[in-house]
Amino acid sequence: MTASSVSPAATMTAPLLSLRGITKSFGAVAALTDVDLDVAAGEVVALVGDNGAGKSTLVKVLSGVHAPDSGTITFESEEVSIPSPAAAQQLGIATVFQDLALCENLNVIENLFLGRELRGHRLDDVRMEVRSRELLQQLSAKIPSVRAPIAALSGGQRQTVAIARSLLGDPKVIILDEPTAALGVAQTAEVLNLIDRLRERGHGVIMISHNMADVTAVADRVVVLRLGRNNGVFDAETVTAEELVTAITGASDNAVTRRSARRRRGAAGAPAGVTKEGTDDE
Amino acid sequence: MSDLDTVEAVAPAAAEFDPDRPRGFRGTLTVLGERFRGGDLGVAPVVAGLIVIWTVMQSLNPIFLSSTNLVNLAIECVPVGIIALGVMFMLLVGQIDLSVGSISGLSAAVTAVLFVDQGLSPWLAVAGAVLLACLIGWLYAQVFNRLGVPSFVITLAGLLGFLGVQLWMLGAKGSINLPFDSGLVTFAQLQFVPPWLSYALVAAGAVALFASGYARASARRSAGLPATSTQALLLRSAVLLVGLGAAVWYLNRDRGVGWMFVLFLGLVLVTHYVLSRTKYGKSLYAVGGNVEAARRAGINVKAIYASAFMLCTTLAAIGGVLAAARLAAANQSSGGGDVNLNAIAAAVIGGTSLFGGRGSAFAALLGIVVIQSISSGLTLLNLDSSYRFMVTGAVLLLAVALDSVARRSRASSGRA
C-alpha cells in the first residue's frame, strides 16, 4: 500500500478537513474535550473508541447535527461552521449513518435519487438510470439490477447503495458510521473493497468502527477517542490490535495483551513461558 | 449472517449488470412466474377474482353480463371508486382515513343546501363543498402533524363529527332533492359518450400508449439501456385497442359509456401519472416505505402527509357529490351505510397494502369493480343487503389475507 507513505505527508501539507480543539457538552456531560482530527484527500481515517467515547458526537458535529461549543473546523484551508446537515452537504461532507435510511419498497435508482430526482414533474428516469449505473460501475458494486427493490438486496449491497447515494452529491469527505457492523464475512470484504475504491477516487474517508481487523485492513491512520478526548493517533500499517485495545480501554492488562504476551514468550521458546501458559489455561 | 445473505452476495456476480429481463414472450412468462413466487402479485389476484365473480354471477343470472347491466355497473362504480382513489393515497403513506363516508355525505348535503336552498349555481355549490372537504383534510393534517394523534383516531372523530354536521345541515326535513333538469343530475344520470367519440377515445388511448412507450424505448436505446422492443409495444397497444374497443362496443349496444365513468378513468390516469412519473409520487411511496429515510432525503414529510389527507377528503367530496347527483337527492343516509368501508375495501382489494408504501391508481378502479360486481350480482338475484355484506366481507378478508401472505413471501424471497 502506498497510502501509508502518502498520508503523513498529505496531512502535513494540506489536510482536507481538520478539527482543532473541538469541545461539546450536553449539560454537565462533557461529550468531547479538545478533540483534534485531520483527514486528507485520498486518506482513510479510522475513528475508534469504546461506547460513549464521543465518536458519534464527533460525527454529528461534522454532519451538522450538533454545533460544537468551541474549537475550529477547517475545510479546504478555510475556517467554516456547519450549522445544519444541509450545510454539511453543501460543503461536501456526506455522512452514511448506521441505519442507512433506505426505502425498502423503492428500487436502487429511486433510492439513489430520493429527494433529488431529476425533472420532478416528469421524471427523467433514463438519465437517472444511466447515472446510477455509471456510479455503481465505478464502485465495481455487485448489484443484481438497478431496478431491484432494496428489499431484494443483501446487507452489503444495501451498504453499497447507501454509500453510492452519498457520492451523488460529489462530496470531498465521506463519513461512514459502522459500515461493517451486522455484515457477514463476504459482505464485509465487499464493503472494505468499496472503501479502498473511495480512497482511490480521492475522497477523504472517516470510518467509525468497532472491528480492529477492519480498521487495520483498510485505514491509513487510526484515531483513538477515549472519554471524549484524543488518546493517540496510530499508523494503521504498524499498529497492533493490543496497542489499539490498550488505547481504547486505557488498561494495559486485558485478554488481548495477555494472549500476545504469551505468544511472544512462546516464540522466544522459553520453557518457563510454556509452563506459565499451561498454568494459565488450567 | 444467514446462508441466505451469503448466497445472495455471491449469486449476483454471475448475473451482474443486466440481464434486466430475459427477452421475448417466454422470457416475459419466466419473469412473471418468478415475481408471483416471490410474492409480487401485482393486479393478478384481483383480475382472477373478478373473472371468478363474473362467471359465478353470470351462471346464476344471465342478465348479469348484459350490456344494460354492465352500463349500470360502470356508472355505479364511480362515486365510491373516486372515494377509494382518495383512500389509496392515505394507505400509500401508511395512514388511513375512516371518515371518507361522512365527508362524502357532508359534501352532498353542502352541495344540496347551497344549490337548492341558497339558490347558488350548481357548479359553485359543488366547488363550495369540495373546498370545505379540502379544508377538513388540512385540519386533519394539522392535528396529525402538530399533535401526533394517530390518523385512525382523528378520522374516527371526523366520522362521527361530520356525520353530525351533515344531519344538522339537512335539518328537520332530512332530505333535499336536486332538480332533475340540473346539469349535475343529468351529468350523473343521463349523459353518455356518443359512440363515435367513444371509439375515437379508445383509438386515441391506444395511440398515446404506443407513442409514449416508443418515445421512452428510443430514449433508453439511445442512452444504451435495455428497452422494450417495438413489436412488444405494438402488441400492447393492439391488445388495449381490441380489448377496450370490444368493451365499448358491448356497452354501446345499450346506452354506452357514461361521462361520469370517463371522469373516473381520467382521475385514475392522472393519479397513475402522478404516482409513477413525478417526484411527488416517489415521495409518497418513500414516506409510506420508511418515514425516517424520506426525512433524511430532504423530503418534507409533513407536507406529504398533509397532501395525502387533503387529496383523500377532496376526492371523498367529489365522490359524495356524484353519489348525490346520481340519486338526485342528498339525505341523511348519504355517505352512510357501507360507503365508508366499501371505499377502503376497494382500495385494499385492488392491491393497495395496508402496511403502506405499496399500491397503484388502478387498485381503486379494479377494487371497486369487484365490489360493485358482487353488489350488482346479488341484487339481480333478489338477495337483500345482508348477503351483500357477508360476501363483501369475505372477499375483503380474502384480499387482506392475500396481502399479508404476499408480504410474508416477499420478505422471505427478499422483495418486500
Side-chain angles (χ1 to χ4, degrees), chain A residues 85-86 89 95 97 99-107 109-133 136-137 140-157 162 165 182-190, chain B residues 1-21 38 40 216 219-227 273-274 276-283 285-300 353 355-358 410-411 413-416:
Chain A
Q89 294 263 334
T95 309
F97 286 100
D99 63 346
L100 303 184
L102 299 170
C103 289
E104 298 205 346
N105 56 334
L106 298 179
N107 68 28
I109 308 172
E110 288 165 338
N111 267 288
L112 286 177
F113 282 91
L114 190 61
R116 52 183 156 206
E117 289 88 348
L118 304 178
R119 217 169 57 191
H121 56 281
R122 190 161 65 84
L123 294 180
D124 190 350
D125 39 8
V126 173
R127 212 145 58 86
M128 288 196 279
E129 185 163 342
V130 171
R131 252 329 293 271
S132 305
R133 280 165 190 256
L136 292 171
Q137 238 152 10
S140 312
K142 293 195 171 110
I143 304 285
S145 162
V146 286
R147 305 275 201 89
I150 293 299
L153 304 184
S154 68
Q157 292 169 337
R165 181 166 71 176
L183 292 188
V185 176
Q187 298 173 25
T188 299
E190 187 74 21
Chain B
M1 298 230 61
S2 63
D3 310 296
L4 186 77
D5 285 342
T6 330
V7 171
E8 273 176 2
V10 176
E16 204 184 324
F17 277 106
D18 253 310
D20 229 12
R21 44 192 59 191
D40 191 0
R216 200 182 161 88
R220 287 180 64 85
R221 256 192 290 276
S222 66
L225 299 175
Y273 177 84
V274 167
S276 58
R277 305 281 293 149
T278 68
K279 180 177 177 150
Y280 170 68
K282 297 295 171 206
S283 307
Y285 282 104
V287 169
N290 184 346
V291 188
E292 191 47 39
R295 202 190 313 275
R296 292 224 205 121
I299 291 170
N300 186 343
S353 173
F355 307 104
R358 200 163 267 284
R410 278 198 301 271
S413 75
R415 273 177 182 273

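In the text below, chain A, chain B and the rest are named by the order of the sequence lines, each starting its count at 1.
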task = Identify the heavy atoms of A/Cys103 and B/Ala293 that sit nearest to each other, and give their distance.
result = SG-CB, 4.0 Å
request  = For residues B/Ile299 and A/Gly115, report the shortest heavy-atom separation together with the two atoms involved.
outcome  = CG1-CA, 4.3 Å
message = Show the nearest heavy-atom pair for residues A/Arg122 and B/Tyr273, with the distance to one decimal.
response = CG-OH, 3.2 Å
query = Got A/Val130 and B/Leu225 here, is their nearest side-chain heavy-atom distance under 4.5 Å?
reply = yes
ask   = Given that the side chain runs from C-beta out, which part of A/Leu114 has a heavy atom under 4.5 Å from chain B: side chain, backbone, both or neither?
value = both
remark   = In short, B/Tyr285 meets A/Leu106 closest at the heavy-atom pair CB-CD2, 3.6 Å
key: B/Lys282 side chain reached by A/Phe113 side chain, heavy atoms, under 4.5 Å   = no
Pairing of B/Arg277 and A/Asp125 as salt bridge, 4.0 angstrom limit = yes
Heavy-atom closest pair, residues A/Val126 and B/Ala223 = CG1-CB, 3.5 Å
note = Honestly, the part of B/Ser276 sitting under 4.5 Å from a heavy atom of chain A is backbone
remark   = Between the CZ atom in A/Arg116 and the NZ atom in B/Lys279, the distance rounded to the nearest 0.5 Å is 10.0 Å
Among the listed options B/Ala297, B/Ala219, B/Gly356, the residue most often paired with chain A at heavy-atom distances under 4.5 Å = B/Ala297
ask   = Which region of A/Arg127, side chain (C-beta onward) or backbone (N, CA, C, O), has a non-hydrogen atom less than 4.5 Å from a non-hydrogen atom of chain B, or is it both or neither?
value = neither
request  = Please look at A/Asp99 and chain B and tell me whether the side chain, the backbone, both or neither of the residue comes under 4.5 angstrom of a heavy atom of that chain.
outcome  = side chain
query = Just how far is it from atom CD of B/Glu292 to atom CG of A/Leu100, taken to the nearest 0.5 Å?
reply = 12.5 Å
